[in-house]
Structures are given as C-alpha cells and as structure tokens.
Amino acid sequence: MNENQEKTTHFGYKTVAENDKASMVADVFHSVAAKYDVMNDLMSFGIHRLWKRQTIASSGVRKGHYVLDLAGGTGDLTAKFSQLVGETGQVILGDINSSMLKVGREKLRNLGRVGNIEYVQMNAEALPFPDNSFDLITIAFGLRNVTDKDKALRSMYRILKPGGRLLVLEFSKPEQEILSKAYDFYSFNILPKMGELVANDGESYQYLAESIRMHPDQETLKGMMEDAGFEQTSYQNLTGGIVALHRGFKY
C-alpha cells in the first residue's frame, strides 16, 4: 500500500477512512443516546431483555468479582452485575461515547445502584487497565461498531484474569432463509422509519441496520476470538440466530 493511501473500513455499507469511523459512530450514539432504551424496547419488541438475561445467566459472576461491561451504554447489564458482585466486587461501565455514559450513569443512580460501579470512557481497542484485571468482560451490541475488532479482542484478552471469560452478545446471521428475509425487510423498511418517528433520526437507525449486516457471522467471530487467544470458545444462537452469544475463556 502507498504510504499516502489511507486505510479504509466500513461504516455500515459505506467505505470510509479508518481514522474517521470512530467519530462517525460517536455521532450516531450521541444522536440516539436519549431515546436508546425506548428504541431498544420498540425495535426488539422487548426481547433484548431476554437476550441480556441469558448473558447474565452465562456469566458465572459471583460476589467479589471484577466485571467490565464494555460498550455498556445505558447500563442494563451493569445494574444486574452490581447486585451479583456485592460490596466486595466492582463493575466498571465502559463506553467510548460520553452521551451514552451520561445516560447510563443517570439511570443507574436513579435505580439506587451506587457504591460498586465506576464509569470510564474508553476505547475497546486500547483498554486502560493492567493485565489480568477482570473476572468477566461483557460487550453487548458494541463489537460491531469497533473499527479494529481483532485489536479489541486482543485487548480484552490481555486484561482478563486467567480463568476469566468474555461474553460477546451481538446481532448475527439468522439460521433460516425465511427468517433472514423477514429480518431484512424489517431492518431496512421499518426500523429507519421507526427511528424517524420516535427518535427523529432515521439515518442513525439505517446505519445500525447496515452495521449488523457487515458484522462477522457466528463461525467467523468464533475464529477471531480463538485468534486473539481465547479457548473453549462457543456460541449460542438466540431468536433463530438474529442474535448470538459468544463465550471464550482465558487460561
């Protein structure tokens, strides 16, 4: 590659300069933060709560554990983890987007979740923690927005304790063709209109639909986790593969 030639990546279906993607994704989430919870419920018909419940059930979190809820947004997982780790544990809600962090902090404080939660603005590609710091890392609906996913997975692996696990909850590839077609119709015809009506922002929801299609499928992501060092990797399809929960361990 010519030294003057900029590296490119995907922003939804668009090809953009790699250096520009983070700020473009940031603009999307600054835009959607205030209505994020409402839109999540509407877009998924409330099923996102079941997907997150399954993530918590697969976490193995106990009292005294240290948990990083990466791309934690409005704090649904953090709220539950803070109860599970108790006073001797800690949960860090990490997000690259300041607007999402602000919404998450306000929501969790209103729920009375204080004392064992910290809020840190961070980039998943360069996590600001020492090696072997966390018993669990979760990243729910955030990995597909990361520019360099391989770098992010290596960064997560580095800061996990030996015996720790990573859980990646993310939209994936539906198992059945008929479901895939129905899902495509919903994503590209209904979702942006819903975003326009409820959040006055159809464009951001168009990007979110496109970003799901550009995300690696189940087997590809499993392979990426293994390449980053994770062992005993597996995934569970939820809602027919519309979403997949990937799990990997560090030994």
Side-chain angles (χ1 to χ4, degrees), residues 9-13 21-22 25 28-29 32 36-37 39-41 43-59 67-78 81 93-97 100 122-125 127 136-157 160 165-175 179-180 183-184 186-187 191 204-205 207-228 230 233-249:
T9 189
H10 295 290
F11 176 75
Y13 289 164
K21 178 167 176 175
V25 171
V28 168
F29 283 92
V32 303
Y36 193 74
D37 283 340
M39 282 298 294
N40 264 356
D41 279 330
M43 288 187 308
S44 72
F45 309 104
I47 299 171
H48 75 99
R49 296 174 187 276
L50 300 177
W51 298 331
K52 288 169 182 169
R53 198 176 296 166
Q54 184 59 37
T55 305
I56 289 155
S58 302
S59 70
V67 176
L68 173 60
D69 181 14
L70 191 54
T74 57
D76 286 347
L77 291 175
T78 293
F81 287 138
L93 194 164
D95 204 292
I96 198 169
N97 190 276
M100 294 294 284
M122 65 182 77
N123 186 331
E125 294 174 23
L127 295 166
L136 171 74
I137 299 172
T138 58
I139 180 164
F141 307 116
L143 187 60
R144 72 180 190 281
N145 298 309
V146 174
T147 304
D148 190 334
K149 296 172 183 59
D150 293 307
K151 192 175 179 183
L153 288 167
R154 289 195 301 271
S155 189
M156 292 177 219
Y157 183 84
L160 268 179
R165 75 183 76 183
L166 167 68
L167 294 176
V168 181
L169 182 66
E170 189 54 89
F171 291 105
S172 203
K173 187 175 170 55
E175 298 167 280
L179 179 60
S180 188
Y183 182 48
D184 278 348
Y186 171 73
S187 298
L191 187 56
S204 290
Y205 286 92
Y207 158 73
L208 291 171
E210 290 176 6
S211 70
I212 290 166
R213 298 314 182 285
M214 300 305 291
H215 185 68
D217 65 15
Q218 289 90 327
E219 284 293 332
T220 306
L221 180 54
K222 183 174 181 285
M224 289 166 68
M225 289 171 67
E226 287 164 356
D227 289 344
F230 289 96
T233 56
S234 62
Y235 61 84
Q236 177 184 4
N237 283 324
L238 306 173
T239 317
I242 286 175
V243 164
L245 177 61
H246 280 71
R247 178 165 59 177
F249 292 85

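Computed over heavy atoms, backbone and side chain alike; hydrogens, waters and symmetry mates excluded. Just so it is clear, the model here is predicted, and its values are computed rather than measured.
- Under a cut-off of 6.0 angstrom, the local environment of NZ in Lys173 is sparse, with at most 12 non-hydrogen atoms contributed by other residues, nucleotides or ligands.
- When all heavy atoms of Leu70 and Ala124 are compared, the pair lying nearest together is CD2-CB, 3.9 Å.
- In this structure, the side chain of Asp217 engages the main chain of Thr220 through a donor-acceptor pair within 3.5 Å.
- Counting all heavy atoms, side chain and backbone alike, Ser172 lies closest to Pro216 at OG-O, 4.4 Å.
- Looking at heavy atoms from C-beta onward, His246 lies out of side-chain contact with Glu170 at the 4.5 angstrom threshold.
- Of the candidates Val67, Ile56, Leu93, Ile56 is the only one forming a side-chain contact (heavy atoms from CB on, under 4.5 Å) with Leu77.
- Within the 4.5 Å cutoff, the side chain of Val243 has heavy atoms near those of the Leu169 side chain.
- Taking the side chain as every heavy atom from C-beta outward, Leu167 and Ile137 never approach each other to under 4.5 Å.
- A donor-acceptor pair is defined here as one N or O able to donate and one able to accept, closer than 3.5 Å; such a pair exists between the side chain of Ser155 and the backbone of Leu127.
- Side-chain atoms of Ser187 and Asp184 include no donor-acceptor pair closer than 3.5 Å.
- The two residues Leu153 and Ala228 come nearest to each other via the heavy atoms CB-CB, 3.8 Å.
- Both the sub-6.0 Å distance and the 45° axial angle are not jointly satisfied by Arg154 relative to the ring of Phe230.
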